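Inspection log for the structure reproduced underneath, given as structure tokens.
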Protein chains: 2
Amino acid sequence: MKLEDAKQQFINSWGAFGTQWGINRTMAQIHALLLISTAPITQDDVMEQLSISRGNVNMNIRDLIGWGLVERVIVSGERKEYFIADKNIWKVATQIIKERKKRELDPMLKLLSQLGNIDDKKEKDAKEFLTVVSDIKKLGSHADTLLDLMVKAEENKFISGVLKIFN
Amino acid sequence: MKLEDAKQQFINSWGAFGTQWGINRTMAQIHALLLISTAPITQDDVMEQLSISRGNVNMNIRDLIGWGLVERVIVSGERKEYFIADKNIWKVATQIIKERKKRELDPMLKLLSQLGNIDDKKEKDAKEFLTVVSDIKKLGSHADTLLDLMVKAEENKFISGVLKIFN
DNA sequence: TTTAATTTTCATTATTTACTGAAAGTTCAA
DNA sequence: TTGAACTTTCAGTAAATAATGAAAATTAAA
């Protein structure tokens, strides 16, 4: 397989993969493109490589910056803005985890706490409902712990080693 | 807050939450409804409670069954089919994890393996590309390990205990 | 068997989500 | 301080996704 074909396939598949996880296709593709670009690239480069409009590129790059996955770089002597993605895949993963936790898991846990405050907690129906809500909260906290552990495992050889024992 | 309001809010939020994770809103809502239903319910019950069409209910329930989250039950003396969801939230979580692994992570890892087979592996560009691909593969395997661990932790008090140490 | 109850399918329609491109905004060299 | 280079915004449009509902298929009681 030719390198260029492999790159193209990587970009396409990354896009498709993202879609399944609620990330828009183009955003995932731009991220993929940046991940495999050896040098910083401009909005125009992205437009050309992915055949998409300027507005689309601009908005999605901004989102990627918001996710902490991409940053602007200044190339001296150049007027245009250039962009790069962090190539450390582990950092990418932990960044995504952190953001999704903050944006989605935390609000969900907060909501579940509110739902715990119902009248007539002793009704049979109410009890069952409260059990489900409380179990989901516990699961959320558990996931939280495990995600933190995942982050720590990368930074800490000891933890990483202990985890491997159970593998 | 009234129990009925809380239930309704739970269903709506669960739907919204699902959307963010690439699960269609209605499917998530039906799952939520089943999670908090004390007795088995029919397609007609779902239609009424969520104000959606018969076809919609039918297709989404079938999907939920495909995910291993819902099952048909027969109520003796009744012609209609009834449905229930597993209320054990931990089982729900591990089931979703298993399915997403099988449907998404595994194919992605397979693809990445294929992308490793490029010509001219010694080109500078090629090397960088291969590094990214290989790193993502490693991350995938790592996630795999951790997800398995998450499943085991529920079944095994010892593992669960060790994990808590690092918390 | 018949036939009425129930489930399933899927072409059509509706909704949601994403993209375009031109206009407005910003920046900075001259 | 002008204006060319570049970035950002967003109304309108396109594409993707989900829902409807009526017809076909299936099931099982009579």
Side-chain angles (χ1 to χ4, degrees), chain A residues 11-34 40-67 69-84 103-104, chain B residues 11-34 40-67 69-84 103-104:
Chain A
I11 291 169
N12 291 339
S13 307
W14 205 244
F17 197 61
T19 302
Q20 295 185 299
W21 285 86
I23 291 148
N24 105 15
R25 173 181 274 92
T26 303
M27 184 166 137
Q29 287 182 337
I30 294 175
H31 188 221
L33 176 59
L34 284 164
I41 62 179
T42 64
Q43 291 198 355
D44 291 83
D45 295 330
V46 178
M47 284 170 66
E48 193 188 342
Q49 299 246 354
L50 303 181
S51 310
I52 56 178
S53 73
R54 183 176 304 286
N56 198 3
V57 172
N58 189 278
M59 292 175 84
N60 282 110
I61 285 187
R62 167 203 283 203
D63 274 356
L64 284 166
I65 292 172
W67 278 83
L69 298 172
V70 165
E71 61 182 69
R72 278 172 230 275
V73 293
I74 294 164
V75 173
S76 62
E78 287 271 10
R79 179 78 182 274
K80 284 185 180 173
E81 290 180 337
Y82 284 74
F83 300 91
I84 55 169
R103 297 176 190 207
E104 296 152 20
Chain B
I11 291 169
N12 292 339
S13 307
W14 205 245
F17 197 60
T19 301
Q20 295 185 298
W21 284 86
I23 290 148
N24 106 12
R25 175 184 272 89
T26 303
M27 183 166 136
Q29 286 182 337
I30 294 175
H31 188 221
L33 175 59
L34 284 164
I41 61 179
T42 64
Q43 291 198 356
D44 291 84
D45 294 331
V46 178
M47 285 171 66
E48 192 188 344
Q49 299 248 352
L50 303 181
S51 309
I52 57 180
S53 72
R54 183 175 303 287
N56 198 4
V57 172
N58 189 277
M59 293 175 82
N60 282 110
I61 286 187
R62 167 200 285 199
D63 275 356
L64 284 166
I65 291 172
W67 278 84
L69 297 172
V70 166
E71 60 181 71
R72 280 173 227 274
V73 292
I74 294 164
V75 173
S76 62
E78 286 271 10
R79 177 77 182 275
K80 283 186 181 174
E81 290 179 336
Y82 283 75
F83 300 91
I84 55 169
R103 298 177 190 205
E104 296 152 20

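Lettering follows sequence order; numbering is per chain, from 1. Here the structure is a predicted model, which is why all the values come from computation and not from measurement.
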Can you name the closest pair of heavy atoms from A:Gly15 and A:Ala28 and give their distance? CA-CB, 3.8 Å

Of the non-hydrogen atoms in B:Val73 and B:Phe83, which two are nearest, and what is the gap between them? CG2-N, 4.3 Å

Can you give me the closest heavy-atom contact between A:His31 and A:Trp14, atom names plus distance? ND1-NE1, 3.9 Å

Going through the distances and angles, do A:Ile30 and A:Ile52 end up as a side chain to side chain contact (heavy atoms under 4.5 Å, CB included)? CA-CA 10 Å; A:Ile30 294 175; A:Ile52 56 178; 4.3 Å; yes

May I ask you to evaluate whether A:Asn58 reaches the phosphate of D:dT7, defined as a side-chain N or O under 4.0 Å from OP1 or OP2? no

For B:Ile74 and C:dT7, what is the distance between atoms CD1 and C1' respectively, to the nearest whole Å? 14 Å

Within this structure, what is the NZ-to-C1' distance between B:Lys80 and C:dT7, rounded to whole angstrom? 12 Å

State, to 0.1 Å, how close A:Tyr82 and A:Glu78 come at their nearest heavy-atom pair, and which atoms those are. OH-OE2, 3.2 Å

To the nearest angstrom, the CD-C1' distance between B:Glu78 and D:dA29 comes to 14 Å

Spacing of B:Gln43 atom CD relative to C:dT6 atom P, expressed in whole Å: 11 Å

Find every protein N or O atom lying less than 3.5 Å from an N or O atom of nucleotides 21-28 of chain C, and list the pairs.
{"unit_1": "C:dT27", "atom_1": "O2", "unit_2": "A:Arg79", "atom_2": "NH2", "d": "2.4"}

On a heavy-atom basis, which atom in B:Thr42 and which in B:Asp45 lie closest, and how many Å separate them? N-OD2, 2.9 Å

Considering all heavy atoms of both residues, which atom of B:Val46 and which atom of B:Ile41 are nearest to each other, and what is their separation? CG2-CD1, 3.8 Å

Specify the separation, in whole Å, of atom CG of A:Asn60 and atom C1' of C:dT20. 13 Å

In residues 16-32 of chain B, what residues come within less than 4.0 Å of DNA chain C, judged by heavy atoms? B:Thr19

May I have the distance from A:Ile52 (atom CD1) to D:dA15 (atom P), rounded to whole angstrom? 15 Å

B:Arg72 CZ - D:dT26 P separation (whole Å): 14 Å

Counting neighbours of CE on A:Met59 that are heavy atoms of other residues, nucleotides or ligands and sit closer than 6.0 Å, is the number greater than 12? no

Across all chains, not counting sequence neighbours, the side-chain hydrogen bond (donor to acceptor under 3.5 Å, both in side chains) partners of B:Asp63 are none

